[in-house]
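Below is one structure. I have some questions about it.
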Amino acid sequence: MDTADGLGCAGEGICDGSVTPPAPEPETGPCTGCETLTPVADPTTFNAEIYYSDVLSGEFNTADELKNALSTIIAKNHKQLTYKQVWSTLTYADQDPTNDKNVIEIYTGNSISKYDNLGGGSGVGKWNREHVWAKSHGFPSESQWGYTDAHHLRPSDPGINSARSNNDFGACKDTGEEVLFNGVATGNYLDKTTDCWEPRDEVKGDVARMIMYMDTRYQGTDTATTQMPDLVVVDRLTTAAEDSDPLIGTLCTLYAWNQLDTIDTYEQNRNNQIYKYQGNRNPFIDRPELVKEVYGAVCGDDPNPVLAVEGDIVTPDSVTEGAAYTIDASAISAGEGVALTYKWEQIVAEEKTLVGDQAILSLTAPKIKADETLHFTLTISNGTLETTQAVSLNVINVPLTLNVEFTGTTKVTEGDKTSITATVTDAPTGTSYSWKQVFGDSAVFTASGLTLDVTAPSVNIDQALVFELTVTVDEESFSKPVSIEVINTEDTGWTQPDGAGSLGGFMALLLPLMWLRRRQS
């Protein structure tokens, strides 16, 4: 009840120490006004080989393809937290390893009671939720998934959080001023002229990997679900005009910080705890090598560096089958005095065959049935780095043509036999021959090599029989026809019967005579 002295004591002497006051009600959640969360994943059974299997077993032509594959993995099973649930998540994720009742603030490194979370009022001696990727840079609404994504939310002193504001991350120690906390230097630097924030060395890598997570997680591919734009980390400080754009800097500074401040057990545990309550993970903590594979090339640290060369490969526009040709790469150089080696490989289907080891490739075009494109790769090396270039060459097919002449009787009477002999000029070794009838009444015939023997069939009228000689050279064929005229002959010994027409005349005379006789009677 209310008392006159305002101390809340129920009666005289109740607060003089003679009576023990009741114990305060214990907190029921992990922090003030917080709820106890139900886990959605078990970090003790997590297997990175399985979780990232689509990336570990995949083949990607570009860093963007790899990043898109990672985005798909870490979007799966991501449970959207409420902003209130973020409080609870951070008490688990950012717990002080030496004091389980406290959390660690990101920019001060200060250990503070979990129950001193800022629910309202003054922020002195409290902690709040810092959006490492400033929420104004692309997701100002609490309904957007990035707003409550615990992978980039950290406990922070409200005053230091306000000093950082929504500034980009960059190397501004030399141009900015060091930020103080309770009058003590923090190791964080702020350049108000360029709106640049440089965090203390102990969390530079943490910041880098959180920003890279956000850049990878939100690709603008699941906007209907997450209401999130495509977040992009750029290699510069963004401008005031871009404050609301989904951009943040500075990529290659963050890349360097990732190498400077490597992953520790605190960060690994944090990843596990967020996975436990949010259901997804930061791949750049689980697989540190992915940072270089995704971002290395644009920051001058290509995971697959290639030799820089100048000059062109001289290739014929086309070449005729069976003709000799050259492909000349002697104009390519990698700088003055740099010795190069060459490896020419021909690609057929999925197979590669070594076909040369000099700058100039000299080959003979193969015999082909139809026009064909040959594919080669040239790998150039300086002994340390190498580069590969693709080369294609069109080979033109020349249809097989041969001079074929026929001799023999080509006009026969039905039933007679004839022989036709073909002569093929300049026929190469290994040439084969075959005959077939292609027109006319079926005839009996035999063929041996260049000779055709035919027995002419019986025909009702004169007609032509057409035969075709096919000459085959290396699976390519050439055909030429020859025609044999068959003459029909009438059967001998057949004559018109003598009575033909006499009997009819006799009957014609007889009928009038019989009619006359009847009239007379």
Side-chain angles (χ1 to χ4, degrees), residues 22-44 46 74 77-136 139-162 164 181 203 206-207 210 213-214 217 226-228 265-282 285:
E25 290 292 326
E27 292 283 355
T28 57
C31 52
T32 302
C34 303
E35 60 182 279
T36 301
L37 303 182
T38 301
V40 296
D42 184 1
T44 64
F46 172 72
I74 62 179
N77 298 324
H78 180 174
K79 173 185 177 292
Q80 183 185 18
L81 298 172
T82 67
Y83 202 36
K84 181 180 179 181
Q85 289 172 333
V86 168
W87 285 118
S88 302
T89 305
L90 297 187
T91 66
Y92 306 129
D94 291 281
Q95 179 175 288
D96 185 344
T98 63
N99 184 348
D100 62 7
K101 300 185 185 315
N102 286 9
V103 291
I104 301 294
E105 295 176 337
I106 182 172
Y107 298 131
T108 65
N110 183 44
S111 179
I112 185 171
S113 171
K114 295 178 179 179
Y115 293 99
D116 285 337
N117 54 303
L118 179 61
S122 172
V124 178
K126 302 290 185 177
W127 62 274
N128 65 5
R129 297 158 293 186
E130 153 75 330
H131 291 84
V132 175
W133 185 300
K135 61 181 181 290
S136 63
F139 45 94
S141 171
E142 192 172 320
S143 64
Q144 295 175 278
W145 285 43
Y147 196 103
T148 62
D149 193 324
H151 278 295
H152 84 116
L153 285 155
R154 297 289 288 262
S156 178
D157 174 78
I160 303 297
N161 196 359
S162 295
R164 185 260 159 142
F181 174 65
V203 295
D206 302 54
V207 168
M210 284 187 283
Y213 162 85
M214 294 293 284
R217 169 63 182 89
T226 64
Q227 301 179 53
M228 289 291 292
T265 56
Y266 182 89
E267 199 174 355
Q268 290 170 333
N269 177 68
R270 188 172 197 282
N271 197 24
N272 284 331
Q273 292 303 310
I274 295 173
Y275 172 63
K276 185 175 181 179
Y277 297 105
Q278 188 171 283
N280 71 335
R281 303 182 69 88
N282 185 333
I285 296 173

Once you measure the plane-to-plane angle for Y92 and Y277, does it fall in the parallel (<30°), tilted (30-60°) or perpendicular (>60°) bin? parallel
Treating N77 as the side-chain partner and G279 as the backbone partner, does any N or O pair qualify as donor plus acceptor under 3.5 Å? no
Is the closest side-chain heavy-atom distance between T89 and L81 below 4.5 Å? yes
Step by step, would you call L90 with N117 a side chain to side chain contact (heavy atoms under 4.5 Å, CB included)? CA-CA 10 Å; L90 297 187; N117 54 303; over 6 Å; no
Give me the atom names and distance for the closest heavy-atom approach of T148 to L153.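 So the two residues come closest at C-CD1, 3.7 Å.
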Donor-acceptor under 3.5 Å (Q80 side chain, S143 main chain): yes
When you measure from the side chain of R129 to the backbone of Y83, do you find a donor-acceptor pair of N or O atoms at a distance under 3.5 Å?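 Checked: pair present.
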So, for N271 and N282, which heavy atoms are closest and what is the spacing to 0.1 Å? OD1-N, 3.0 Å
Heavy-atom donor-acceptor pair, S88 side chain to E35 backbone, under 3.5 Å: yes
A150 and I274: which non-hydrogen atoms are nearest, and at how many Å? O-CD1, 3.3 Å
Flag the pair D206 and R270 as a salt bridge only when some basic side-chain nitrogen lies within less than 4.0 angstrom of an acidic carboxylate oxygen.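 Salt bridge: no.
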pair K114-Q95: side-chain heavy atoms closer than 4.5 Å: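 Yes. Closest side-chain heavy atoms under 4.5 Å.
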Closest non-hydrogen atoms of Y115 and G29, given as atom of the first, atom of the second and distance, are OH-O, 2.9 Å
Separation of K79 NZ from W145 CH2 (nearest 0.5 Å): 9.5 Å
Between H131, R154, H151, which is the residue that forms a side-chain contact (heavy atoms from CB on, under 4.5 Å) with M210? R154
What are the two closest heavy atoms between K126 and P158, and how far apart are they?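 Reported closest heavy-atom pair: O-CD, 3.1 Å.
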In a check of side chain to side chain donor-acceptor pair (under 3.5 Å) between D149 and each of Q278, Q144, R217, which one passes?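 The passing option is Q278.
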Side chains of T32 and D116, heavy atoms from C-beta outward: is any pair under 4.5 Å? no
Under 3.5 Å, is there a donor on one side chain and an acceptor on the other for D94 and Y266?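 The answer is yes; a qualifying pair exists.
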Decide yes or no on side chain to side chain contact (heavy atoms under 4.5 Å, CB included) for N272 and R281, but give the supporting numbers first. CA-CA 8 Å; N272 284 331; R281 303 182 69 88; 2.8 Å; yes
Between N128 and L118 (side chain of the first, backbone of the second, donor and acceptor by atom type, cut-off under 3.5 Å), is there such a pair?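 Answer holds: no.
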Sequence neighbours left out, what pairs pass ring-ring contact (aromatic ring centres under 6.0 Å, His included) with at least one residue falling in residues 94-114?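 Residue pairs passing ring-ring contact (aromatic ring centres under 6.0 Å, His included), neighbours aside: Y107-W197.
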Ring centre gap for Y213 and H78 strictly below 6.0 Å: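 Between H78 and Y213, which both carry aromatic rings, the centre distance is not below 6.0 Å.
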If you compare all heavy atoms of F139 against all heavy atoms of M214, which two are closest, and at what distance to 0.1 Å? CZ-CE, 3.8 Å
Pairwise distance CG(N110) to OG(S156) - rounded to 0.5 angstrom: 10.5 Å
Contact between C34 and T91 at the side-chain level, heavy atoms closer than 4.5 Å - yes or no?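 Sidechains of T91 and C34: no contact.
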How long is the span from the OG atom in S113 to the CG atom in D96, to the nearest 0.5 Å?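 CG of D96 is found 11.0 Å from OG of S113.
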Taking W127 for the side chain and S111 for the main chain, is one N or O donor matched with an acceptor at less than 3.5 Å?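 It does not hold such a pair.
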